[in-house]
A.B. asks: 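Sharing a structure, written as structure tokens. Questions coming.
The sequence lines fix the lettering, A, B, ..., with proteins before strands; numbering per chain opens at 1.
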Amino acid sequence: MPDAGAGGRELTARGRARPLPRAAPRSRRSSEARLAYAFLAPAALVLGGLVAFPFGLALWFSVSDAWVGEYGRFVGVDNFVRLLGNSIFRQTLQNSLVFTASAVALKTVLGLTLAVLLYRVRRFRRLVRGAVLMPFVIPTALSTLGWWWLYQPTYGVLNWVLRRLGLIGVDLPWLSDPSLAMASIVIVNTWRGLPFFAVTLLAGLVAIPREYYEAAATDGAAGWRSFRYITLPLIKPVLGIVILFSTILTLADFNTVYVLTKGGPMNMTHLFSTLAFQLGTAGGRISDGAAVSLFLFPVLVVVVALQLRLVRRQTAYE
Amino acid sequence: MRDESTTPPNRSQGQPTTLGRRRLLAGAAGLAAILASRRAPAVAQTRELKILSWSHFVPASDQELRRQGEEWGRQARVRVTLDTVPHLQLPAKKAAEVTARSGHDIVLLYSGDPDLYFDYLVDVSDLAQEIGSKLGGWYNQDDFLFRGTWKALPWYLITWPIAYRTDLLERVGEKVPDSWEDLYRVGAKTKALGHPVGIAISHCDDANFQLRCLLWGYGASYVAKDGKTVTLNSPQTVEAVEFMKRFFRDAMDPEVLAWDDSHNNRCLEGGKCFAIVNPTSAYESAKDRKIKIPGTERLIHEVIDHTLPPRGPVQRATTGQYNLLGIWSFSKNVDIAKEFLRFHYAEAQQDRFIAASRGYNMPFLRKMSTHPIWETNPKYRFAREIMKYTHPPGWPGPMTDASQLVMDLYIIPDMFAYAVTGRMSTRDAIAWAEKEITEVHAGRRRRRT
């Protein structure tokens with residue numbers, strides 16, 4: 001970095017002093033600032049209008065007694081307290097946690113496995129990587145309808161195939177048994193979210209220098225050990241971000257449940273989003289719906305903060 | 001009008017037009033007048049009436065409504081637009097329009113909507129009385145008074161009779177089931193042959209309607225006539241739930257716990273179910289698609305017949321899809337909307353509307369309920385009588401936003417589901433449902449206070 005002398009001069013390579021460029025006059029600086037704000041304004045407006053305003057409104061609704069078409073009065077945490085006393089909500093809370101934990105865990109394990117496999121693919125690499133993305137790019141409602149058809153109790157393909165293969169004697173009640181219904185929606189969510197994990201983790205894998213593996217191989221470490229001590233630590237930051245995003249998106253899943261079960265049987269698959277929709281949109285109780293949606297918001301904020309902090313502690317090999 | 005003074009001499013040769021001083025002044029004056037009056041000039045006004053409805057299960061019904069819109073639109077010089085959305089998306093659409101105070105003019109309302117959107121709907125008492133007096137009056141008129149006012153016009157009812165297989169009935173040597181006990185007895189026999197009865201006990205509208213029919217048949221109800229007092233926890237409800245436990249075990253398959261509104265149709269059309277409690281759509285669809293009985297060449301619609309919904313030990317009482325039409329109070333076309341509704345509710349148009357729906361749309365108007373469509377096909381015999389057994393979903397209470405939410409949360413189907421699966425005892429399931437329904441009604445009271 002050039003050394004600026006006390007007299008506002010810069011030393012050149014030949015040791016001669018050259019005057020520093022003068023600082024822009026105040027009026028020019030302020031006009032540049034105005035221009036900068038003008039350039040930022042559209043993005044700020046979009047963010048404010050599409051993110052901050054709806055979020056603020058949802059926050060207000062959750063602490064008000066608003067009904068559809070009304071903004072309501074402030075009622076404090078009444079809605080949240082009342083929700084805790086409601087058995088459908090308590091069931092929904094449990095479902096949401098089980099659903100999110102199971103789906104994210106499955107996506108992490110399978111996504112990492114798929115990423116490693118994709119990394120090793122040599123032939124038709126682009127085709128294979130493109131094909132893996134299919135579940136992620138098909139519109140959710142459409143692909144979930146496909147699953148709905150597969151799970152059908154009377155004429156479903158899944159039961160038919162399993163019976164033909166001799167794996168089951170009687171049809172499995174995929175969507176009518178509470179445990180199987182939960183498993184079914186977890187499977188669909190995992191199937192849809194897997195490509196996001198795989199492709200993002202693949203990018204992390206590609207970025208790891210080959211020399212590390214070569215050095216490890218020279219030292220006699222290969223296979224699981226190189227994965228455990230090289231791959232995993234080096235993709236930890238990517239993995240952390242992917243898990244973070246996936247947790248938030250999985251917790252907010254709506255389509256899977258709405259198309260497959262509508263929260264049934266016996267509310268055993270209701271998630272925050274589907275219950276909030278039933279209460280707030282169909283039932284007109286906007287405040288209850290908002291409170292359901294935002295119930296876990298404080299917990300999520302803490303989780304996000306902790307996870308981001310963890311991610312920042314990157315592993316480096318010198 | 002062509003102004004010679006400003007017309008360029010070589011216009012025909014494609015040279016650019018020049019704007020003369022007089023035209024500029026005239027234009028400016030005209031613009032000022034338009035701005036001052038805050039109304040578009042008469043020649044530029046295109047009146048438009050927008051209607052929001054569901055995608056009808058019989059598409060010809062929507063086509064007929066569109067045709068009526070075009071016919072009336074030509075006479076009244078109004079462009080009529082009919083937007084249809086799937087029935088499950090309609091609540092979200094209406095909520096969005098009310099929040100934005102903008103959207104369509106006429107909207108299809110479900111049973112609880114006039115109460116939920118009470119402040120956003122135009123009073124249509126004048127229309128209701130006028131139409132009622134011309135067409136023999138409304139069935140159960142008081143059911144449609146929301147806080148003493150006509151906030152919507154009753155449009156049509158979709159009924160839930162029993163649809164059953166006549167060939168299977170013959171095979172087991174039984175008569176047409178008339179009561180829930182009959183349906184149980186026959187269903188147990190047909191289930192042994194691989195043909196169970198299909199009553200949904202799940203999160204779908206069919207389950208809501210069918211299970212209210214059972215509950216009411218045993219003399220039970222979930223809310224009193226005042227629409228406030230929760231009455232579910234009663235010996236009659238216990239009897240109804242106990243009956244369903246037997247019915248589920250002996251005459252049905254567990255898959256009914258996961259059914260949506262289309263499953264029972266497919267179960268009957270596909271040849272599995274002996275009977276379902278459902279509108280005539282399964283029969284009509286099987287007829288249209290010429291579906292055969294599996295393993296035979298016989299068309300299945302030929303062996304599907306309908307009869308009245310089952311009666312219980314106390315009474316025969318059922319419900320159905322109550323569809324109403326309302327006009328948003330924030331609409332800028334209230335008068336036009338009323339004019340269109342006058343046209344649509346005229347006898348000739350109602351006649352065509354019912355015919356197009358193949359009798360699926362059952363009118364609340366006495367004169368229209370004798371439509372010949374229900375006489376032409378013996379499989380619609382039930383239609384002559386069903387209206388007198390049909391009540392709104394919150395019966396004996398009124399249609400309110402609470403009765404709608406009890407439906408939307410599927411509390412009654414879940415009560416039965418908890419009991420028939422053994423996840424709760426009968427009494428616990430009833431107590432659970434009672435608590436949930438009480439909370440729903442408490443929410444309604446909070447809004448009113």
Side-chain angles (χ1 to χ4, degrees), chain A residues 57 65-73 75 78-79 82-83 85-89 91 148 151-156 159 170-178 180-181 184 257-270 274-275 277-289, chain B residues 88 90-101 110 112-113 115-117 119-120 198 201-204 207 253-260 263 266-267 270 272-273 401-402 404-411 413-415 417-418 421 423-424 429 432 435-436 439-440 442-444 446-447:
Chain A
L57 201 59
D65 60 355
W67 281 68
V68 62
E70 303 164 6
Y71 286 93
R73 295 164 302 178
V75 295
D78 281 8
N79 297 327
R82 205 172 54 251
L83 280 179
N86 181 281
S87 66
I88 297 179
F89 175 76
Q91 184 63 54
W148 174 81
Y151 283 136
Q152 284 308 293
T154 317
Y155 305 106
N159 276 337
V170 287
D171 287 349
L172 291 177
W174 289 105
L175 301 175
S176 53
D177 176 79
L180 270 177
S184 300
V257 170
Y258 199 70
V259 173
L260 288 180
T261 63
K262 292 201 175 52
M266 296 162 274
N267 303 309
M268 301 304 274
T269 59
H270 249 319
T274 49
L275 183 63
F277 178 82
Q278 295 289 30
L279 288 171
T281 309
R285 299 173 185 215
I286 297 287
S287 54
D288 288 346
Chain B
L88 291 172
L90 201 56
K93 187 89 182 144
K94 285 180 280 195
E97 294 198 355
V98 165
T99 305
R101 308 281 197 275
Y110 298 152
D113 287 344
D115 185 50
L116 179 62
Y117 298 120
D119 296 332
Y120 308 100
I201 312 179
S202 56
H203 282 199
C204 69
D253 271 356
E255 66 183 68
V256 297
L257 295 167
W259 273 7
D260 66 16
H263 276 108
R266 278 203 301 280
C267 194
K272 182 177 178 183
C273 275
D401 60 56
Q404 185 69 51
L405 191 56
V406 171
M407 295 243 293
D408 292 338
L409 292 174
Y410 307 104
I411 296 173
D414 280 344
M415 173 185 77
Y418 279 127
T421 55
R423 292 182 75 88
M424 285 187 190
W432 169 85
K435 186 169 179 288
E436 293 298 330
E439 282 183 31
V440 168
R444 184 166 191 268
R446 277 196 301 276
R447 186 191 190 189

A.B. asks: Could you tell me which residues satisfy side chain to side chain donor-acceptor pair (under 3.5 Å) with E70(A), sequence neighbours excluded, listed by chain and number?
C.D. replies: R447(B)
A.B. asks: Do Y410(B) and N267(A) have side chains that approach each other closer than 4.5 Å (heavy atoms only, starting at C-beta)?
C.D. replies: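 A side-chain contact under 4.5 Å is absent here.
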A.B. asks: Is there a side-chain contact between E436(B) and N86(A), using heavy atoms and a 4.5 Å cut-off?
C.D. replies: yes
A.B. asks: Looking at V98(B), D408(B), L90(B), L409(B), which has the largest count of heavy-atom pairs under 4.5 Å with chain A?
C.D. replies: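 So the answer, after comparing V98(B), D408(B), L90(B), L409(B), is D408(B).
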A.B. asks: Contact part of Y71(A) toward chain B, heavy-atom cut-off under 4.5 Å: side chain, backbone, both or neither?
C.D. replies: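 The answer is neither part of Y71(A).
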A.B. asks: Looking at every heavy atom in both L257(B) and P265(A), which two are closest together, and how far apart are they?
C.D. replies: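 Closest pair (atom of L257(B), atom of P265(A), distance): O-CB, 3.8 Å.
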A.B. asks: Is there side-chain contact between Y120(B) and V68(A), with heavy atoms separated by less than 4.5 Å?
C.D. replies: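 Y120(B) vs V68(A): side chains apart.
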A.B. asks: So, R82(A) side chain and E439(B) main chain: donor-acceptor pair closer than 3.5 Å or not?
C.D. replies: no
A.B. asks: Could I get the full list of side chain to side chain contact (heavy atoms under 4.5 Å, CB included) partners for A96(B), not counting sequence neighbours?
C.D. replies: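 Listed in chain order: nothing, the list is empty.
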A.B. asks: Less than 4.5 Å apart, any side-chain heavy atom of R423(B) and any of M268(A)?
C.D. replies: yes
A.B. asks: What's the separation between atom NE2 in H270(A) and atom NE2 in H203(B), rounded to the nearest 0.5 Å?
C.D. replies: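 Between H270(A) NE2 and H203(B) NE2, I get 5.5 Å after rounding to 0.5 Å.
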A.B. asks: Looking at K94(B), Q404(B), K272(B), which one has more heavy-atom pairs under 4.5 Å with chain A than the rest?
C.D. replies: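 Most pairs with chain A among the choices: K272(B).
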A.B. asks: Side chain, backbone, both or neither: which part of I88(A) has an atom under 4.5 Å from a heavy atom of chain B?
C.D. replies: both
